[in-house]
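Beneath this line is the structure, given in structure tokens, with notes to follow.
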Amino acid sequence: MQESPRPRIALTFGDPAGVGPELVARQLADPATSAAADILLIGDEQELRDAMDDAGVEFAWTREAGTGVPQLVDSGGTRPEGGFVRREPSRAGGLWAMASLRRALELSKQGEVDAIVFAPLNKSSLHLAGMEENDEMSWFETVLDDGTTATELNILPELVTGRVTSHCSIAEVADLITFDLIVERGELLERVLQARGIERPRIGVCALNPHAGESGKFGRHEIDLIAPAVEELQRRGVDATGPFPSDTIFIKARDGAFDGVLTMYHDQGQIAVKLLGFDRGVTMAGGLSVPVCTPAHGTAFDVVGNRVASTGAYEHAFRVAVGVGAQARAARLSA
């Protein structure tokens with residue numbers, strides 16, 4: 001039997017204390033969602049029904065595969081007696097969210113999932129639940145255990161940013177930046193942009209220090225590491241330029257000079273992305289054996305239950321997952 005070319009996307013509800021369940025239900029209530037992909041919804045029936053109540057919607061679902069409507073797949077998590085506390089971090093919520101994500105990652109290892117979209121998580125809940133890694137990206141690496149390495153990318157319709165360093169203290173950033181890491185992350189950013197249909201993406205590379213180091217007066221990272229890494233990327237065929245001062249590079253990007261920007265640390269790119277499009281931003285774990293996407297905002301405890309949470313970023317995350325998932329599936333079927 002010939003396999004369907006439609007991507008199979010696993011959705012998880014995120015932290016049960018936040019707006020994630022509402023966002024997932026509102027997405028699934030749109031008929032275009034099931035038209036775009038085969039949906040595997042990871043959770044349990046109570047979580048699904050609570051999500052529909054939160055969102056004020058209803059939609060068809062099943063436990064059977066291949067029906068054209070979302071398939072509910074049990075996460076294997078343990079629901080606490082009395083349910084979950086809403087609007088605050090908890091160990092129970094973190095354990096539940098991790099169980100769903102673990103199940104989705106396991107399905108990807110079995111070839112059952114082409115991409116994953118998870119609704120917002122709360123890092124306090126995850127750490128209360130025993131997650132030892134700094135962030136979920138590193139935890140994905142641990143669970144997959146297949147030698148792939150995650151790096152966080154932030155995606156707007158008009159711009160993608162990658163990072164050389166991510167979830168670490170500012171005091172650690174300068175020591176963590178290496179020539180090889182800049183080159184690796186630059187090539188990954190190019191591949192992600194090509195997956196979005198840009199054959200030869202233009203990548204701007206950020207400096208680390210003010211004024212791009214002012215010819216070494218404010219630090220030598222630009223001279224000793226970043227500029228040589230940009231030259232190496234160019235030798236490898238990547239259309240990369242820089243390093244540019246980080247207080248001006250995003251003006252150039254906003255005006256269309258770049259398709260992607262490689263930043264040196266977390267907030268260097270995140271501030272710009274959230275200013276340019278907070279309600280449209282998507283975070284993707286790039287470099288893993290399965291694409292993993294999520295809206296680039298948090299659990300929004302302050303608006304839980306009010307049905308006012310913006311769905312723009314979640315909708316964009318789903319579209320990105322469908323695109324990269326379809327590409328991954330086509331590659332696998334043609335192999």
Side-chain angles (χ1 to χ4, degrees), residues 8-28 33 37-55 59 61-63 65 70-81 83-86 89-110 112-133 135-145 150 283-285 288-295 297-301 304 314 317-318 321 325:
R8 288 182 289 199
I9 311 297
L11 306 184
T12 74
F13 290 98
D15 193 302
V19 296
E22 175 186 342
L23 297 179
V24 174
R26 289 166 68 182
Q27 181 73 39
L28 292 175
T33 299
D38 294 329
I39 305 298
L40 281 70
L41 185 59
I42 315 298
D44 71 359
E45 184 171 344
Q46 185 63 55
E47 185 173 31
L48 173 55
R49 295 193 183 281
D50 288 345
M52 288 193 285
D53 287 344
D54 281 351
F59 50 84
W61 60 276
T62 182
R63 293 187 182 275
Q71 177 191 358
L72 182 63
V73 177
D74 187 72
S75 68
T78 301
R79 176 175 290 274
E81 291 186 17
F84 298 99
V85 176
R86 307 296 299 275
S90 71
R91 180 175 183 272
L95 286 169
W96 185 261
M98 290 169 71
S100 296
L101 278 168
R102 186 183 297 277
R103 182 72 175 121
L105 292 166
E106 289 171 349
L107 288 168
S108 78
K109 292 172 74 172
Q110 297 165 16
E112 297 296 321
V113 165
D114 302 306
I116 297 168
V117 183
F118 65 92
L121 303 173
N122 183 279
K123 285 186 174 56
S124 294
S125 294
L126 298 177
H127 290 129
L128 287 169
M131 189 182 80
E132 297 179 355
E133 294 81 0
D135 55 38
E136 61 273 21
M137 302 291 169
S138 299
W139 183 77
F140 295 156
E141 295 176 5
T142 300
V143 174
L144 288 169
D145 191 26
T283 297
M284 187 174 89
L288 295 174
S289 54
V290 59
V292 185
C293 301
T294 189
H297 62 71
T299 44
F301 289 154
V304 170
Y314 187 87
F318 179 77

>> If I compare all heavy atoms of Leu105 with all of Ser108, which pair ends up nearest, and what's the gap?
In response: O-OG, 2.6 Å

>> Testing the basics here: between Ile42 and Ala104, what is the closest heavy-atom pair and its distance to 0.1 Å?
In response: CG1-CB, 4.3 Å

> Minimum heavy-atom separation for Ala51 to Phe13, with atom names?
Replying inline: CB-CE2, 3.7 Å

>> One pair to check against side-chain contact (heavy atoms from CB on, under 4.5 Å): Lys109 and Val143. What are the steps and the verdict?
In response: CA-CA 10 Å; Lys109 292 172 74 172; Val143 174; 5.8 Å; no

>> Within this structure, what is the CZ-OG1 distance for the pair Arg86 and Thr299, rounded to the nearest 0.5 Å?
In response: 11.0 Å

>> Can you confirm whether Glu132 sits close enough to Trp139 that some side-chain heavy atom of one is under 4.5 Å from a side-chain heavy atom of the other?
In response: no

>> Let me confirm one number: the CD1-OG distance from Ile116 to Ser100, rounded to the nearest 0.5 Å.
In response: 11.0 Å

> Just by distance, with hydrogens left out, do Ser125 and Asp15 show a side-chain donor and acceptor under 3.5 Å apart?
Replying inline: yes

> Which heavy atom in Met284 sits nearest to a heavy atom in Cys293, and how many Å separate them?
Replying inline: CG-SG, 3.7 Å

> Would a 4.5 Å heavy-atom cut-off, applied to side chains only, mark Leu107 and Gln110 as touching?
Replying inline: yes

> Is there a side-chain contact between Leu121 and Glu136 (heavy atoms, below 4.5 Å)?
Replying inline: yes

>> For Ala97 versus Gly14, what's the shortest heavy-atom pair and its separation?
In response: CB-O, 3.7 Å

>> Can you confirm if the aromatic rings of Phe140 and Phe118 lie within a centre distance of less than 6.0 Å?
In response: yes

>> For a 4.5 angstrom cut-off between non-hydrogen side-chain atoms, does Asp74 reach Asp44?
In response: yes

>> How long is the straight-line distance from CD of Glu47 back to CG of Leu72, given to the nearest 0.5 Å?
In response: 9.0 Å

> Any chance CZ of Arg79 has more than 12 other-residue heavy atoms, nucleotides or ligands included, within less than 6.0 Å?
Replying inline: yes

> When rounded to the nearest 0.5 angstrom, what is the spacing between CE in Met98 and CG in Leu126?
Replying inline: 6.0 Å

> Can Phe318 and Val24 be said to form a side-chain contact (heavy atoms from CB on, under 4.5 Å), step by step?
Replying inline: CA-CA 10 Å; Phe318 179 77; Val24 174; over 6 Å; no

>> Using every non-hydrogen atom in the two residues, find where Val117 and Ala321 come nearest and quote the distance to one decimal.
In response: CG2-CB, 3.3 Å

> Between Asp114 and Asp38, is a side-chain contact (heavy atoms from CB on, under 4.5 Å) present by the stated rule, with each step listed?
Replying inline: CA-CA 10 Å; Asp114 302 306; Asp38 294 329; over 6 Å; no

>> Within this structure, what is the CD-CG distance for the pair Glu106 and Leu101, rounded to the nearest 0.5 Å?
In response: 11.0 Å

>> Treating Gln71 as the side-chain partner and Thr62 as the backbone partner, does any N or O pair qualify as donor plus acceptor under 3.5 Å?
In response: no

>> Nearest 0.5 angstrom please: Thr294 OG1 to Tyr314 OH, how far?
In response: 8.0 Å

> Under a 4.5 Å cut-off applied to non-hydrogen side-chain atoms, are Ile9 and Leu11 in contact?
Replying inline: yes

>> In the structure I gave you, are the side-chain heavy atoms of Ile39 and Trp61 within less than 4.5 Å of one another anywhere?
In response: no

> Would Val19 and Phe301 count as a side-chain contact (heavy atoms from CB on, under 4.5 Å) if you check the C-alpha gap in whole Å, the side-chain angles of each, and the deciding distance to 0.1 Å?
Replying inline: CA-CA 7 Å; Val19 296; Phe301 289 154; over 6 Å; no

> Is there side-chain contact between Leu23 and Pro120, with heavy atoms separated by less than 4.5 Å?
Replying inline: yes

> Just wondering, do Lys123 and Met131 contact through their side chains at under 4.5 Å, heavy atoms?
Replying inline: no

> Is there any side-chain hydrogen bond (donor to acceptor under 3.5 Å, both in side chains) pair reaching into residues 18-28, and which pairs are they, with sequence neighbours excluded?
Replying inline: Glu22-Arg26, Gln27-Thr33

>> Whether the side chain of His127 engages the backbone of Asp135 through a donor-acceptor N/O pair (distance < 3.5 Å, no angle test) should be reported.
In response: no

